[in-house]
Each structure stands twice: as structure tokens, then as C-alpha cells.
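A short write-up of the structure that comes next.
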Amino acid sequence: QQKGLEPDVITYSATISACEKGGQWEKALTLFDEMQQKGLEPNVITYSATISACEKGGQWEKALTLFDEMQQKGLEPDVITYSATISACEKG
């Protein structure tokens, strides 16, 4: 961003995924919200990464909220999304 380049959905998804792997669920949620404030619509990969970050952080309720939200937006969950959501439920 400092050089005038704006991140896109792929950039945000990759960064959220990195946060998930690093155990930074709060940062992942911040990025997820930030991208939407900038007018970018999350895709299935973005939702899956954010749900996984919540799952790893023990935030099962937020993971379920995101799972519901993505479906309300017309996005079809994939195997990764279902796996992350089920794992979140196991921790709830």
C-alpha cells in the first residue's frame, strides 16, 4: 500500500491465511473487515481462511457466524470451508 499498490481479494486471502497459520485470529478478522470496507467482496477462499483463523483461535461462534454469512451472500462452501467449520464446532 505504501507504494500506491492496492491489495486485492487474492492478496487479502493470502494474508488472512498467513495470520491463521501464525495464530493471529484477531488480525485475520481485522483484515477481513478492512477488505470489505474498501469495497472488496470476500470469496470462498477468503471466508475459509478467516473461518480457519477463528477455529485456531477458539472462536467457534464467530466461525459459525462467518459460515452463515457467506451462504447468505450466495457463496457455496467447499470442502475446506466445511472442514474448518466442523473443527470450530469441535472446540465449542
Side-chain angles (χ1 to χ4, degrees):
Q1 278 178 309
Q2 294 176 356
K3 300 278 184 191
L5 297 175
E6 286 297 316
D8 59 12
V9 175
I10 295 169
T11 308
Y12 272 104
S13 296
T15 307
I16 291 168
S17 183
C19 290
E20 176 257 320
K21 288 173 180 45
Q24 300 292 317
W25 67 270
E26 291 167 311
K27 181 64 176 171
L29 287 175
T30 299
L31 290 166
F32 184 80
D33 291 338
E34 178 185 297
M35 73 179 287
Q36 292 176 86
Q37 290 170 5
K38 292 185 176 198
L40 296 171
E41 283 297 319
N43 59 22
V44 174
I45 296 167
T46 315
Y47 271 102
S48 294
T50 309
I51 290 169
S52 289
C54 291
E55 178 265 320
K56 296 254 169 51
Q59 304 300 309
W60 64 272
E61 290 171 315
K62 183 61 179 173
L64 289 178
T65 299
L66 289 166
F67 183 76
D68 288 340
E69 179 185 301
M70 74 178 286
Q71 292 176 88
Q72 289 172 6
K73 289 186 175 187
L75 293 172
E76 190 68 36
D78 62 12
V79 172
I80 295 167
T81 314
Y82 280 113
S83 178
T85 306
I86 290 168
S87 293
C89 290
E90 289 175 344
K91 296 181 178 179

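Keep in mind the model is a prediction, meaning the values are calculated, not measured. This chain uses plain numbering: 1 for the first residue, then up along the sequence.
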Side chains of Thr65 and Asp68, donor plus acceptor under 3.5 Å = no
Residues that Lys91 engages under salt bridge (Lys or Arg N to Asp or Glu O under 4.0 Å), provided they are two or more places apart = Glu55
Can you see which heavy atom on Leu64 is nearest to which on Thr85, and at what distance?
-> CD2-CG2, 3.6 Å
Grab the two heavy atoms, one from Leu40 and one from Pro7, that are nearest each other, plus how far apart they are.
-> CD1-O, 3.5 Å
Which atom of Leu75 lies closest to which atom of Pro42, heavy atoms considered | CD1-O, 3.5 Å
Which distance, rounded to the nearest 0.5 Å, do you find between the OG1 of Thr46 and the CG of Leu31?
-> 11.0 Å
Is the closest side-chain heavy-atom distance between Glu41 and Val9 below 4.5 Å?
-> no
Could you tell me which non-hydrogen atom of Ala84 sits nearest to which non-hydrogen atom of Ser48, and how far apart they are?
-> CB-O, 4.4 Å
Contacts of Glu76 that satisfy salt bridge (Lys or Arg N to Asp or Glu O under 4.0 Å) - sequence neighbours left out | none
Does the pair Ser17 and Lys21 meet the rule for a side-chain hydrogen bond (donor to acceptor under 3.5 Å, both in side chains), with working shown?
-> CA-CA 6 Å; Ser17 183; Lys21 288 173 180 45; 3.2 Å; yes
For the student: nearest non-hydrogen atoms of Asn43 and Ile45, plus distance = OD1-N, 3.0 Å
Distance flag, aromatic centroids of Tyr82 and Phe67, threshold under 6.0 Å = yes
